[in-house]
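As a basis for the values below, the full set of heavy atoms in this structure was taken, side chains included, without hydrogen atoms, waters or symmetry mates.
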Amino acid sequence: MLIDSHCHINSEDLRLDARAVISRAWEADVHKMLIVGCDYEDSCEAVALAEDFSQFGLYASIGIHPHEAKRYETIPEEFNRLIMSKRVVALGEIGLDYHYDHSPRDVQQKMFELQLNFAEKHNIPVILHIREAMFDAMQILRRHTGLKLLFHCYSGGLEYLEQVLELGGMCAFGGALTWNNKTSEELQKILQLIPLENILFETDSPYMSPVPFRGKINEPAYVKYVYEVAARDLRMTVNSLAEQVEINANKFFGWE
């Protein structure tokens, strides 16, 4: 069984074809998928899809992405209801993004802190979006020890890897691992330095398509190409790697 630990079936590119996308993933042996929320509306849709397609192994996370932080003074009250769904297994994606700065940095940091407090209150794992902001993110995360952390699309490089592992962080790798460029070369080196117990894989679909679909719309079925490259680099079979990742995901998300 393969797992896509981060996808956006609730996105404009995929939602209208959601049933077919999910069916293709199931046929490709992707039997667990996490649909990620990025704002209030997006989170509601993620939960609805996970509940409607629960028989296909869909789960959801809810959260306010750093791009959307400027739209909120506080966490939406409705999150207290959404988080009670049996299909909600994480808070995210949340964090800091200094590459685009769609929200002011102080606003991003405030919302990040609020959501980490929310995660602590509800004892729920956190999916992190950190881009060109690792220093500030680590400063904040050290004030919230004890949380389960998943660094979505890990981009902290070798510089921050030791600190991430000291926090017990999981690292997720996606299509960029397959791209045959400097980015993929660095990610492949990092992958080989991380304990197997700290690794998950994802698509971030409809974004970041792996080879041979780079430049096209991504979808959860394509996570198998990430597994194949990772297995090659780790000198493992896809089946043995998939078994370990399944153990990792079960432990992190606590899903059934």
Side-chain angles (χ1 to χ4, degrees), residues 1-63 78-93 119 122-127 148 150 152 170 172-175 199-210 213 216-228 230 238-256:
M1 180 181 76
L2 306 181
I3 293 170
D4 184 354
S5 67
H6 193 114
C7 60
H8 298 276
I9 301 174
N10 48 343
S11 65
E12 289 185 8
D13 289 318
L14 296 179
R15 65 163 60 93
L16 295 180
D17 200 29
R19 182 175 294 275
V21 168
I22 293 165
S23 294
R24 286 194 293 271
W26 188 263
E27 291 169 3
D29 200 32
V30 184
H31 290 178
K32 289 282 179 66
M33 292 164 266
L34 184 76
I35 308 175
V36 176
C38 292
D39 60 20
Y40 168 66
E41 295 81 9
D42 200 47
S43 296
C44 288
E45 189 169 3
V47 176
L49 282 166
E51 291 177 345
D52 289 346
F53 294 96
S54 61
Q55 70 271 32
F56 291 98
L58 265 66
Y59 291 84
S61 67
I62 61 174
E78 187 69 2
F79 273 20
N80 289 294
R81 182 189 68 82
L82 291 175
I83 206 166
M84 300 306 294
S85 169
K86 292 181 179 179
R87 309 312 292 182
V88 174
V89 294
L91 185 73
E93 59 189 283
H122 292 279
N123 190 30
I124 193 166
V126 175
I127 299 171
K148 290 183 179 179
L150 172 57
H152 148 63
M170 304 284 287
F173 297 84
I199 293 172
L200 290 176
F201 298 115
E202 63 182 14
T203 60
D204 199 21
S205 51
Y207 320 108
M208 298 188 70
S209 297
F213 298 99
K216 300 179 180 179
I217 292 175
N218 199 7
E219 56 182 80
Y222 299 164
V223 77
K224 68 179 182 179
Y225 297 98
V226 182
Y227 273 83
E228 288 171 358
V238 172
N239 285 341
S240 60
L241 180 57
E243 289 174 1
Q244 180 63 57
V245 171
E246 184 177 353
I247 292 169
N248 298 348
N250 291 345
K251 183 177 179 180
F252 184 81
F253 293 115
W255 53 27
E256 299 175 358

Do Asn239 and Glu243 meet the criterion of a side-chain donor-acceptor pair at a distance under 3.5 Å? no
Heavy-atom side-chain contact between Phe53 and Arg19 under 4.5 Å: yes
Do Ile35 and Leu58 come within less than 4.5 Å of each other through their side chains, counting heavy atoms only? yes
Measure the shortest side-chain to side-chain distance between Phe201 and Val245 over non-hydrogen atoms and say whether it is less than 4.5 angstrom. yes
Does any non-hydrogen side-chain atom of Arg81 lie less than 4.5 Å from one of Glu78? yes
Could you give the distance from NZ (Lys216) to CG (Asp13), rounded to the nearest 0.5 Å? 15.0 Å
On the 0 to 90° scale, with breaks at 30° and 60°, tag the Tyr225-Phe213 ring pair as parallel, tilted or perpendicular. perpendicular
Find out whether Val21 and Pro220 are in side-chain contact, i.e. whether some heavy atom of one side chain is under 4.5 Å from a heavy atom of the other. yes
Given the options Leu2, Leu241, Ile3, Glu246 meets side-chain contact (heavy atoms from CB on, under 4.5 Å) only with Ile3
Correct closest heavy-atom pair for Asn10 and Gly37 would be ND2-CA, 4.4 Å
Between Ser54 and Ala50 (side chain of the first, backbone of the second, donor and acceptor by atom type, cut-off under 3.5 Å), is there such a pair? no
As a quick check of understanding, evaluate side chain to side chain contact (heavy atoms under 4.5 Å, CB included) for Val89 and Leu34, giving each step before the final call. CA-CA 9 Å; Val89 294; Leu34 184 76; 3.5 Å; yes
Apply side chain to side chain contact (heavy atoms under 4.5 Å, CB included) to Ser205 and Asp4, showing your working. CA-CA 9 Å; Ser205 51; Asp4 184 354; 4.2 Å; yes
Nearest-0.5 Å distance that lies between atom CG in Asn218 and atom OG1 in Thr203: 5.0 Å
Steps toward side chain to side chain contact (heavy atoms under 4.5 Å, CB included) verdict (His122, Asn80): CA-CA 9 Å; His122 292 279; Asn80 289 294; 3.5 Å; yes
Determine whether Phe252 and Leu150 satisfy the following criterion, side chain to side chain contact (heavy atoms under 4.5 Å, CB included), listing intermediate values before the conclusion. CA-CA 8 Å; Phe252 184 81; Leu150 172 57; 3.5 Å; yes
Minimum side-chain heavy-atom gap Ile22-Ile9 below 4.5 Å: yes
Flag, side chain of Lys148 to backbone of Asn123, donor-acceptor distance under 3.5 Å: no
Sequence neighbours left out, what pairs pass ring pair (Phe, Tyr, Trp, His ring centres under 6.0 Å) with at least one residue falling in residues 6-36? His6-His8, His6-His152, His8-Tyr207, Trp26-His31, Trp26-Phe56
Give me the atom names and distance for the closest heavy-atom approach of Asp52 to Gln55. O-OE1, 3.5 Å
What do you reckon, is CZ of Arg15 surrounded by more than 12 foreign heavy atoms closer than 6.0 Å? yes
Tell me if a side-chain donor or acceptor on Ser43 pairs with a main-chain N or O of Gly63 at a distance below 3.5 Å. yes
To the nearest 0.5 Å, atom CZ of Arg87 lies from atom CG of Leu82 at 15.0 Å
Less than 4.5 Å apart, any side-chain heavy atom of Met170 and any of Asn248? yes
Side chain Ser61, main chain Leu91, donor-acceptor under 3.5 Å: no
More than 12 heavy atoms of other residues, nucleotides or ligands under 6.0 Å from CD of Glu12: is that the case? no
Quick check for you: to the nearest 0.5 Å, what is the distance between Phe253 atom CZ and Ile124 atom CD1? 10.0 Å
Between Ile217 and Pro206, which heavy-atom pair has the shortest distance, and what is it? CG2-CB, 3.7 Å
Can you find a heavy atom in the side chain of Val47 that is under 4.5 Å from one in the side chain of Ile62? yes
Heavy-atom pair with the smallest gap, counting every atom of Val226 and Pro210: CG2-CB, 4.4 Å
Distance-only side-chain donor-acceptor flag, Ser85 / Glu51, under 3.5 Å: yes
Is the closest basic N to carboxylate O distance between Glu27 and Arg24 below 4.0 Å? no
To the nearest 0.5 Å, how far apart are OH in Tyr59 and OG in Ser5? 14.5 Å
